[in-house]
Amino acid sequence: MKLLVTGGAGYVGSVSAARMVEAGHEVVVVDDLSTGHADAVPDGARLVVGDIAELAGPLLADGFDGVLHCAAKSLVGESMQDPAKYWNGNVVTSLRLLEAMRDNATPRLVFSSTAAVYGEPEQVPITESASTRPTNTYGASKLAIDLAISSFSTAHGLGAVSLRYFNVAGAYGRYGERHTVETHLIPIVLQVASGQREQVQVYGDDWPTEDGTCVRDYIHVLDLAEAHLRAMERARGGEHQIYNLGNGLGFSVEQVIQTCREVTGHPIPAAVAPRRTGDPAVLVASSERAQQELGWKPDHPELSSMVRTAWEFLGATAEA
Ligand code: UFG
């Protein structure tokens, strides 16, 4: 297939684009490089730098079989301080992309959605039929796009799949997580291990969980990339399918730090800090629907494999 990957210079986008090239697809990446890196675009993919809202139309006029839409603003805290950046950057840009797909009869879309659309869960593991009540602007903007996609599927026959990621982690060779502003747990803990930070702050140890720290569902970025490939192949005209993607396994902040100590051999000092606003105690996915309908299951469910590949990636980027 000839595929357009938006945000293919970012973390999930670059790993997914790399796997798509390896699977024999022709890949064009469009990215404004606001948070992505040109050197993260896989060999064999063409990079077009610029505004996706403006470029989607001219690019898709060339005739594409599908779009993988990963480009997004994705910092929860920032989304609460500067909501316009998220309504414009995520919702308006995605609408322009959907219109360009309609105008050029591009048949398939795979969209990077998020567990943040659910907000505080009523039940765990979270299924796709759970209520969607996002507690932050980031999640609300992704939910708005999911709703827009559904209506474009119904009205214009678009075959779409939204993948709602839980906590993505790990790296795939030279493709990994490189955020200028890092807020995610595993990269922060590994920065402590590598001496770039003094200690990790544990946001609360009085949560209603076994060890008192928050529990999250970590999924290997390579497993996520595999789900994107399957979703692209199985998108069906006029349908919008939605899948949660996680391990179904929860790991606490304390367990993550301990695994990082074991993998890196570094002591990694940690200090308890106040709870972070908006954090739910436990977020664990049910990926049963993805397993049944996409035939997908995580091949790398071990936390140690996510931490090890992220650690190797951090070492490689420090040397470069
Ligand atoms: N945490 C710490 N210390 C840190 C960083 C994080 O204790 O320095 C804790 C958080 O409080 C949370 C856990 O580690 O309990 C994981 O935090 P992350 O920031 O790594 O990830 P989140 O669970 O907040 O967010 C992830 C994605 C978001 C997505 C959300 C969906 O990164 O994009 O899941 O719920 F919106």
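Numbering of ligands and ligand atoms starts at 1, following listing order. If you're wondering where the values come from, they're calculated on a predicted model, not measured in any experiment.
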Put together the list of close N/O pairs, under 3.5 Å, between ligand 1 and the protein, could you?
| residue | atom | partner | partner atom | Å |
| --- | --- | --- | --- | --- |
| ligand 1 | 3 (N) | Q201 | O | 2.7 |
| ligand 1 | 7 (O) | Q201 | O | 3.4 |
| ligand 1 | 7 (O) | Y203 | N | 2.9 |
| ligand 1 | 11 (O) | D279 | OD2 | 2.5 |
| ligand 1 | 17 (O) | R276 | NH2 | 3.4 |
| ligand 1 | 19 (O) | T183 | O | 3.3 |
| ligand 1 | 19 (O) | R276 | NH1 | 3.3 |
| ligand 1 | 19 (O) | R276 | NH2 | 3.1 |
| ligand 1 | 20 (O) | L185 | N | 2.8 |
| ligand 1 | 21 (O) | N167 | ND2 | 3.1 |
| ligand 1 | 23 (O) | N167 | ND2 | 2.9 |
| ligand 1 | 23 (O) | R216 | NE | 2.7 |
| ligand 1 | 24 (O) | R276 | NH2 | 2.7 |
| ligand 1 | 32 (O) | H184 | NE2 | 2.7 |

(request) Report the C-alpha separation of K73 and S34 in whole Å, then their side-chain angles, then the decisive distance to 0.1 Å, and conclude whether the side-chain hydrogen bond (donor to acceptor under 3.5 Å, both in side chains) test is met. (result) CA-CA 9 Å; K73 306 288 170 209; S34 57; 3.3 Å; yes
(message) If only side-chain N and O atoms count, and only distance matters, is there a donor-acceptor pair under 3.5 Å linking Y138 with E78?
(response) no
(request) Classify the ring geometry between H220 and H300 as parallel (under 30°), tilted (30 to 60°) or perpendicular (over 60°). (result) tilted
(message) Restricting to salt bridge (Lys or Arg N to Asp or Glu O under 4.0 Å), what partner residues turn up for R174, sequence neighbours left out?
(response) D43
(message) Out of the candidates S151, S153, S150, only one should pair with H240 under the side chain to side chain donor-acceptor pair (under 3.5 Å) rule; please name it.
(response) S150
(request) Please state whether the rings of F251 and Y218 are parallel, tilted or perpendicular, taking 30° and 60° as the class boundaries. (result) tilted
